[in-house]
Amino acid sequence: MQDRVRRLNQVPPHEGPIVYWMIREQRAHDNWALLYAQHIAIQRKQPLYVVFCCRTDLDKYLGTTRMLDWMLRGLEEVSQELEKHHINFTFLLGDPPTEVKKFCTHISAGEVVVDFFPLRPYTTWHQEISQTELYAVTQVDAHNIVPCWVASTKQEFAARTIRPKITRLLPNYLLAFPKLNEHPFPAPESHTNWKTVHSKIKVDTSVPALTWIEPGAQAALDQLKTFVSQRLPAYAEDRNDPNKQALSLLSPYLHFGQIAPQRVAFEVSQNVNHTKNSESFLEELIIRRELSDNYCFYNSQYDSFAGLPNWAQETLDAHRADERTIHYTVEEFETAHTHDEIWNAAQQEMLQTGKMHGYMRMYWVKKILEWTKDPEEAQKTALHLNDTYSIDGRDPNGYVGVAWSIGGLHDRPWFERPIFGTIRFMSASGLHKKFNTAAYVTKWQTLTLD
DNA sequence: ATCGGCTCGCGCAA
DNA sequence: TGCGCGAAGCCGAT
């Protein structure tokens with residue numbers, strides 16, 4: 001466990017309750033950050049608090065009903081589980097670092113544990129909470145199976161450069177989780193009024209909650225079970241066909257930390273015969289996901305043009321003046337009003353379900369590059385739409401997916417083209433060869449009056 | 001249906 | 001310093 005843990009300030013731990021500030025890992029079980037916090041709390045005979053803080057003006061940060069409903073229902077389950085284990089769960093409203101600092105000072109915390117989320121808003125919050133003399137702040141990578149800073153000490157160039165590093169270390173980490181204990185040093189209980197919380201947080205209500213899939217840790221485990229028994233057997237063959245139900249559907253749970261990647265990988269590697277299907281799935285789940293964290297952790301410009309590899313920036317620069325014969329506004333993209341019915345179907349899939357099939361995501365982003373005035377606007381548009389409508393938006397996987405599609409990240413150059421330069425191109429004719437595009441369009445097209 | 005060429009640079013072997 | 005090879009492709013030739 002020790003190499004999952006790093007100190008964020010130099011304040012020595014002292015007498016006082018232990019606080020786990022939960023951000024990314026929204027689950028009670030299989031959570032290394034909580035397990036570590038409980039471990040030191042028991043060692044020091046201290047009560048344990050888990051605190052979650054949410055702004056009330058989420059509408060200013062692309063917050064939607066879809067995302068808030070998913071998150072709060074998951075957290076309600078977390079609070080019930082923690083209560084069963086005599087661990088205090090406190091929901092705070094307001095500016096997160098300010099409110100969490102206030103809380104920690106108020107209860108005279110001896111040490112504060114945070115989880116690991118390599119995106120700027122959260123790294124900034126972690127810096128802010130660490131700037132104190134009052135309590136030690138410790139970070140635990142509870143997301144990656146091989147901790148991000150252990151897997152590699154630099155930004156990796158491609159999957160093939162990080163793969164051997166992770167594969168070599170994996171046997172040391174792909175193990176069963178210890179159980180969360182009933183905490184022997186109780187804290188005062190606090191009860192969250194979830195209806196009040198929901199009503200106090202302002203969000204964009206035009207993006208409705210999802211009804212076809214249930215949030216939460218129990219639902220995640222159920223989904224994993226169904227995936228392993230029903231969809232994994234055809235995963236390798238069918239995963240790139242958007243008409244087939246072959247994918248795990250776990251990314252919403254993984255994004256909100258409602259299930260641990262290590263749990264998913266452990267169950268698949270323990271209980272499934274080693275086949276091309278499990279290999280193909282574990283490559284996605286472990287290598288590609290940890291490569292995304294690696295990029296965001298070591299490249300603070302993960303969401304901008306300047307973060308792209310040099311060869312990609314150069315080739316896109318050389319094609320800035322290329323004529324864009326088709327150009328759409330954000331609104332036209334957003335409402336699925338392009339000339340390309342396959343692209344519109346993908347956009348509709350995301351609008352309606354909060355998810356877009358993995359294969360279509362690549363095509364969808366590459367077409368935004370083709371139909372937008374410059375790569376910066378294309379990247380901004382793709383991220384804006386993904387972060388607003390996808391339930392797994394604002395995730396390192398999303399930033400890497402967009403950078404791969406628009407800016408050759410973790411990819412190689414291909415042959416020269418207008419607009420794209422040597423960035424890999426994708427065309428509708430390629431999609432026709434791979435799956436029944438007409439069926440996909442029919443499935444997602446909606447009646448429009450114009 | 002299958003194949004080669006397109007094009008760059010990392011990382012390892014030498 | 002040379003060389004193999006790579007995160008999901010395209011296109012034209014055979």
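In what follows, chains are A, B, ... by sequence order, proteins preceding strands, each numbered from 1.
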request  = Could you check Leu409(A) against Val400(A) for side chain to side chain contact (heavy atoms under 4.5 Å, CB included), going step by step and ending with a plain yes or no?
outcome  = CA-CA 7 Å; Leu409(A) 178 74; Val400(A) 166; 4.0 Å; yes
message = Any salt bridge linking Asp241(A) with Lys434(A)? Criterion: basic side-chain nitrogen under 4.0 Å from a carboxylate oxygen.
response =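 A salt bridge is absent here (no side-chain N lies under 4.0 Å from a carboxylate O).
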query = Do Glu283(A) and Arg163(A) sit within salt-bridge range, that is, some charged N less than 4.0 Å from a carboxylate O?
reply =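 Yes, Glu283(A) and Arg163(A) are salt-bridged.
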Does [N] have its OP1 or OP2 closer than 4.0 Å to a side-chain nitrogen or oxygen of [X]?
X: Arg160(A); N: dG4(C); value: no
X: Lys154(A); N: dG11(B); value: yes
X: Ser429(A); N: dC10(C); value: no
X: Lys434(A); N: dA8(C); value: no
X: Thr422(A); N: dT7(B); value: no
X: Tyr363(A); N: dC10(C); value: no
X: Arg424(A); N: dA8(C); value: yes

To the nearest Å, how far apart are [X] [atom1] and [N] [atom2]?
X: Ile423(A); N: dC8(B); atom1: CD1; atom2: P; result: 11 Å
X: Leu409(A); N: dG6(C); atom1: CG; atom2: C1'; result: 14 Å
X: Lys367(A); N: dG9(C); atom1: NZ; atom2: C1'; result: 11 Å
X: Phe415(A); N: dC11(C); atom1: CZ; atom2: C1'; result: 6 Å
X: Trp414(A); N: dC5(C); atom1: CH2; atom2: P; result: 15 Å
X: His410(A); N: dC5(C); atom1: NE2; atom2: P; result: 21 Å
X: Asp411(A); N: dC6(B); atom1: CG; atom2: C1'; result: 13 Å
X: Leu308(A); N: dC8(B); atom1: CG; atom2: C1'; result: 15 Å

Under 4.0 Å between any heavy atoms, over every strand shown, what does [X] touch: base, sugar-phosphate, or nothing? Just pick one.
X: Thr315(A); answer: nothing
X: Arg163(A); answer: sugar-phosphate
X: Met426(A); answer: sugar-phosphate

task = Check each of Tyr20(A), Tyr122(A), Trp32(A) against Asp115(A) using the side chain to side chain donor-acceptor pair (under 3.5 Å) test, and report the only one that passes.
result = Tyr20(A)
ask   = So among Phe415(A), Phe420(A), Tyr363(A), Trp414(A), which one has a ring-ring contact (aromatic ring centres under 6.0 Å, His included) with Phe425(A)?
value =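 Testing each of Phe415(A), Phe420(A), Tyr363(A), Trp414(A) against Phe425(A), the sole residue satisfying ring-ring contact (aromatic ring centres under 6.0 Å, His included) is Phe420(A).
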request  = May I ask you to check if Lys366(A) and Trp404(A) form a cation-pi contact, with NZ or CZ under 6.0 angstrom from the six-membered ring centre and within 45° of the axis?
outcome  =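 Pair Lys366(A)/Trp404(A) counts as cation-pi.
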key: Geometric class of the His85(A)/His29(A) ring pair [parallel <30°, tilted 30-60°, perpendicular >60°]   =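 Plane angle over 60°, so perpendicular.
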message = Just to be sure I understand: a Watson-Crick pair is purine N1 to pyrimidine N3 plus N6-O4 or O6-N4, both under 3.5 Å. Using that and G-U wobbles, which stems of three or more pairs involve DNA chain B?
response = B:1-6 with C:9-14, B:8-13 with C:1-6
ask   = Which nucleotide in the list dG9(B), dT7(B), dA8(C) gets nearest to the side chain of Trp311(A)?
value =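 Among the listed nucleotides, the one closest to the side chain of Trp311(A) is dG9(B).
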ask   = Where the side chain of Phe157(A) is defined as all heavy atoms beyond and including C-beta, which of dC10(C), dG9(B), dA8(C) is the nearest nucleotide?
value = dG9(B)
key: Rounded distance in Å between the P positions of dT7(B) and dT1(C)   =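 Here dT7(B) and dT1(C) have their P atoms 25 Å from each other.
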query = With rounding to whole Å, what would you report as the distance between dG9(B) and dG9(C) at their P atoms?
reply = 22 Å
inquiry  = Tell me if the aromatic rings of Phe227(A) and Phe281(A) count as close, with their centers under 6.0 Å from one another.
reply    = yes
